[in-house]
2 protein chains.
Amino acid sequence: MFSKTCEYAIRAMIFVAHKSKDGTKIGIKEIAKGIDSPEHFIAKILQDLGKKGLIQSLKGPNGGFFFENETLNYSIADVVTAIDGNKLFSGCGLGLKECSTAKPCPIHNEFKKVRDDIFNMLQAAKLTQFTDGLENNLTFLNRK
Amino acid sequence: MFSKTCEYAIRAMIFVAHKSKDGTKIGIKEIAKGIDSPEHFIAKILQDLGKKGLIQSLKGPNGGFFFENETLNYSIADVVTAIDGNKLFSGCGLGLKECSTAKPCPIHNEFKKVRDDIFNMLQAAKLTQFTDGLENNLTFLNRK
DNA sequence: CCAATAAAAGACTTAAAACTCTTTTATTTA
DNA sequence: TAAATAAAAGAGTTTTAAGTCTTTTATTGG
Ligand code: FES
Ligand code: FES
C-alpha cells in the first residue's frame with residue numbers, strides 16, 4: 001500500500017504527535033527507538049517533512065522534533081501525499097498512465113470506490129487523535 | 001497499491017482471457033502491444049504465472065498463451081497473491097511486522113476495513129468478466 | 001566564548017524492482 | 001527431417017528504494 005519510507009513517516013509523525021503533546025521536543029534517537037526504524041533513515045524522512053512544513057525541529061540541547069501549530073493538525077493523508085505523492089489517491093489501479101472515467105480500465109469503477117474510501121479514512125485520521133490509545137497501551141507503533 | 005510487475009500481470013491476464021475466449025492462443029508480442037508493456041518483461045511474468053498454474057502456454061507455430069480450464073476462472077486477487085504475495089491483504093498498513101488485533105497499530109481497525117474491501121472486490125473480479133467491456137471499447141488496457 | 005548537544009546536509013552503499021538481451025528448448029508444418 | 005516459429009531459461013543491466021556513514025551547522029548552558 002505505502003512505501004517503506006511512508007510507513008516509517010506515518011509511525012514517526014504519530015509518535016511525535018503523541019510524545020510532544022505538551023510542547024516537549026523529542027529527539028531522533030527516541031523516535032527511532034519508539035517506532036523501531038533505522039535512526040539516520042527516519043532522520044532524513046523527518047528532515048524532508050520538515051522542509052514541507054509538516055513538522056518543526058530545533059537543533060542543540062533540548063532540541064528535537066515537535067509540532068508548532070497544533071491548530072494545523074495534519075492527517076495521515078497529508079503525510080502520504082508528502083512522501084508517496086498522489087498515485088494511491090488518484091492513479092489507475094492497473095497502472096494506466098492516468099485514471100480516466102472517459103477511458104476507464106476494466107476495474108475502474110470498483111477501484112475508484114475503494115481508493116476513495118482509503119483517502120477518506122486517511123483524511124479523517126488526524127495525527128493527534130491516537131495519543132490516548134498509545135498512552136494506555138491499547139495501540140502500538142512497534143513490535144518490540 | 002500493486003507493484004509494476006503486478007499491474008502488468010493483471011492487465012495481461014485480462015487481455016489473454018479476452019483474446020483467447022474461444023480457445024485461441026495469443027502470442028507474447030500481441031500481449032505486450034495490447035497492454036503496452038515491455039515484451040520480455042511481460043514474458044517473464046507470464047512464465048512465472050504459468051509455473052504457478054494460473055495460465056497455460058504452448059511453444060512453436062500457433063503457440064502462445066491461453067486458459068485451459070475456463071472452469072477454474074481465476075480472480076484478480078489470485079493474480080495479486082501470486083505476484084505480490086499477501087502483504088496487501090493481511091499485512092499491517094503501517095508496516096509493523098505483522099498485523100494483529102491483539103496488538104494493533106493505531107489505524108488497525110479502519111485499515112482492516114478497507115483492506116478487506118479491497119480483497120473482496122478483487123476476489124469477486126474474475127478474469128473472464130471483462131471481455132464484453134473490452135470488446136465494445138467501453139474499457140481499456142492501454143492508453144495508446 | 002567554549003564545549004556539548006542535536007539536527008541538517010551530503011556523500012555513499014546495498015538491495016530490490018524493473019527491464020533487456022541472448023541462447024535454448026519445444027512444437028509444428030512443409 | 002529440416003526450417004520456421006514461439007515460449008522458456010538464464011544472465012545480464014539500469015533504475016529506484018532503502019539504508020548507512022561522515023561532516024557541518026545551529027542552539028544552549030556554563
Ligand atoms: S482507469 Fe484504472 S482505476 Fe481509473
Ligand atoms: S496492526 Fe496495523 S493494520 Fe493491523
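So that the names make sense, note that chain A is the first sequence line, chain B the second, and so on, each numbered from 1. Small disclaimer: the values here were computed from a predicted structure and weren't measured.
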Does [X] put a side-chain nitrogen or oxygen below 4.0 Å from OP1 or OP2 of [N]?
{"X": "B:Y8", "N": "C:dC19", "answer": "yes"}
{"X": "A:S3", "N": "D:dA17", "answer": "no"}
{"X": "B:S57", "N": "D:dA8", "answer": "yes"}
{"X": "A:N62", "N": "D:dT27", "answer": "no"}

(request) Choose from D:dA8, D:dG19, D:dT27 the nucleotide whose nearest atom is closest to any side-chain atom of A:K59. (result) D:dT27
(request) Select one nucleotide: of D:dT5, D:dA18, D:dA8, the one nearest the side-chain heavy atoms of B:P61. (result) D:dT5
(request) May I ask you to test the A:I55-A:M13 pair for a side-chain heavy-atom distance under 4.5 Å? (result) yes
Between [atom2] of [N] and [atom1] of [X], the distance in whole Å:
{"X": "B:L49", "N": "D:dA7", "atom1": "CG", "atom2": "P", "answer": "15 Å"}
{"X": "A:F41", "N": "D:dA17", "atom1": "CZ", "atom2": "P", "answer": "10 Å"}
{"X": "A:K51", "N": "C:dA9", "atom1": "NZ", "atom2": "C1'", "answer": "7 Å"}
{"X": "A:D36", "N": "D:dG19", "atom1": "CG", "atom2": "C1'", "answer": "14 Å"}
{"X": "B:H40", "N": "D:dT14", "atom1": "NE2", "atom2": "P", "answer": "16 Å"}
{"X": "A:F2", "N": "D:dA18", "atom1": "CZ", "atom2": "P", "answer": "13 Å"}
{"X": "A:D84", "N": "D:dA18", "atom1": "CG", "atom2": "P", "answer": "8 Å"}
{"X": "A:I42", "N": "C:dA7", "atom1": "CD1", "atom2": "P", "answer": "12 Å"}

(request) Examine distances only and state if a side-chain atom of B:R143 and a backbone atom of A:L96 form a donor-acceptor pair shorter than 3.5 Å. (result) no
(message) On DNA chain D, does the nearest nucleotide to A:K4 precede the nearest nucleotide to A:G60 from the 5' side, or the other way round? Give the residue.
(response) A:K4
(message) Counting the atoms with a prime plus P, OP1 and OP2 as sugar-phosphate, which does A:L58 contact under 4.0 Å by heavy atoms, base, sugar-phosphate, or nothing?
(response) sugar-phosphate
(request) Would you indicate what B:G64 reaches in the nucleic acid, counting non-hydrogen atoms under 4.0 angstrom: base, sugar-phosphate, or nothing? (result) sugar-phosphate
(message) So that I can tick it off, tell me whether B:D48 and B:K44 are bridged by a salt bridge, with the cut-off set at under 4.0 angstrom between side-chain N and carboxylate O.
(response) no
(request) State plainly whether the residues B:K112 and B:D116 are in salt-bridge range, i.e. N to O under 4.0 Å. (result) yes
(request) Indicate the ring-plane relationship of A:F89 and A:F119, choosing parallel, tilted or perpendicular according to the 30° and 60° boundaries. (result) perpendicular
(message) Can you say whether a donor on the side chain of A:K44 sits under 3.5 Å from an acceptor on the base of C:dA9, or the other way round?
(response) yes
(message) Using heavy-atom distances to pick each residue's nearest nucleotide on DNA chain C, tell me which of A:K29 and B:P38 is more 5'.
(response) A:K29
